[in-house]
Structure formats: structure tokens, C-alpha cells
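Note that the structure is a prediction, hence the values are computed from the model and not measured.
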Amino acid sequence: MWPTLVLFIFMTISGYGILNPGLISELTGGLFTHAFSLYLHTTLVLPTLTLLTIHILIAIRAALIRWGIREGKLLDAFLLLLGAFVLTLIVLMQYLVI
């Protein structure tokens, strides 16, 4: 999935921009300052993890079918529930910081 790759690249650059703002600001022509890197990094967490979860669930489905699990509504329902559970945990961890 290309959007996942693009988000991971921006997450990586902004993460380095938080840790080493001078170098990343110089390499990006002043675009990624410390404040912008921090904002971008925290903003992209939820979309990146959502796309990563979808990517992993598709791979799990393909692997289970290869291993002999029959393709059908039960498998799809299980993976949808697993995805909903994981995304709920991600949202709770992201927004319910105590």
C-alpha cells in the first residue's frame, strides 16, 4: 500500500526532526523545524497505524487461507472484529492519555 509507505517516510523524517532538529531542518531546507516535526509526528500516528492495521489484516487473511482455513464469512467476520478491536485500542491509547 503506497499511502502506508508515504506515511512511514513522513513519520521517520519527523521523528528524526524531533530528535535532531538542526540536521533535519538543514536537510529539508528549513521545512521540518522541531515544532513542525513534533506536530506532524503526533498528527500522523492514527492514520499510519490504521493503514498498517489494515495491511496486516489483509496479510493475515491471505496466510490463513494458504494454511487451509476456508475462505468465507466467518473468517471475514473474525478479521473485521480483530481489526475493530485493534483500532479501538489504538484510539484509546492515542487520545485517552492519563
One pair to check against side chain to side chain contact (heavy atoms under 4.5 Å, CB included): E71 and D76. What are the steps and the verdict? CA-CA 8 Å; E71 185 176 356; D76 293 340; 5.6 Å; no

Can you confirm whether [X] sits close enough to [Y] that some side-chain heavy atom of one is under 4.5 Å from a side-chain heavy atom of the other?
| X | Y | result |
| --- | --- | --- |
| I24 | I18 | no |
| T50 | I90 | no |
| T33 | P21 | no |
| L27 | F32 | no |
| L81 | F85 | no |
| L40 | M11 | no |
| F10 | T48 | no |
| L75 | R70 | no |

Using the rule that two of Ile, Leu, Val, Met, Phe, Trp, Tyr join whenever any of their side-chain heavy atoms come within less than 4.5 Å, decide whether I65 and I69 are in one cluster. yes

Indicate if L31 and L38 have the same hydrophobic cluster label, given that clusters are the connected sets of ILVMFWY residues with side-chain heavy-atom separations under 4.5 angstrom. no

[atom2] on [Y] to [atom1] on [X], rounded to 0.5 Å:
| X | Y | atom1 | atom2 | answer |
| --- | --- | --- | --- | --- |
| L44 | I9 | CG | CD1 | 12.0 Å |
| L49 | I54 | CG | CD1 | 11.5 Å |
| L46 | L7 | CG | CG | 10.5 Å |
| T4 | H55 | OG1 | NE2 | 7.0 Å |
| L87 | L52 | CG | CG | 10.0 Å |

Of all the heavy-atom pairs spanning [X] and [Y], show the shortest one and how long it is.
| X | Y | result |
| --- | --- | --- |
| S37 | G17 | OG-CA, 3.5 Å |
| L82 | L57 | CD2-CD2, 3.8 Å |
| G15 | H41 | N-ND1, 3.5 Å |
| P3 | L51 | CB-CD1, 3.8 Å |

Heavy atoms of other groups near L74 CG, more than 12 under 6.0 Å: no

Is it the case that atom CD in Q94 sees more than 12 heavy atoms from other parts of the structure closer than 6.0 Å? yes

In terms of the angle between their ring planes, are F36 and Y39 parallel, tilted or perpendicular, with boundaries placed at 30° and 60°?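 F36 and Y39: tilted rings.
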
Return the set of residues passing ring-ring contact (aromatic ring centres under 6.0 Å, His included) with Y16 (not counting sequence neighbours), or none when no residue passes. none

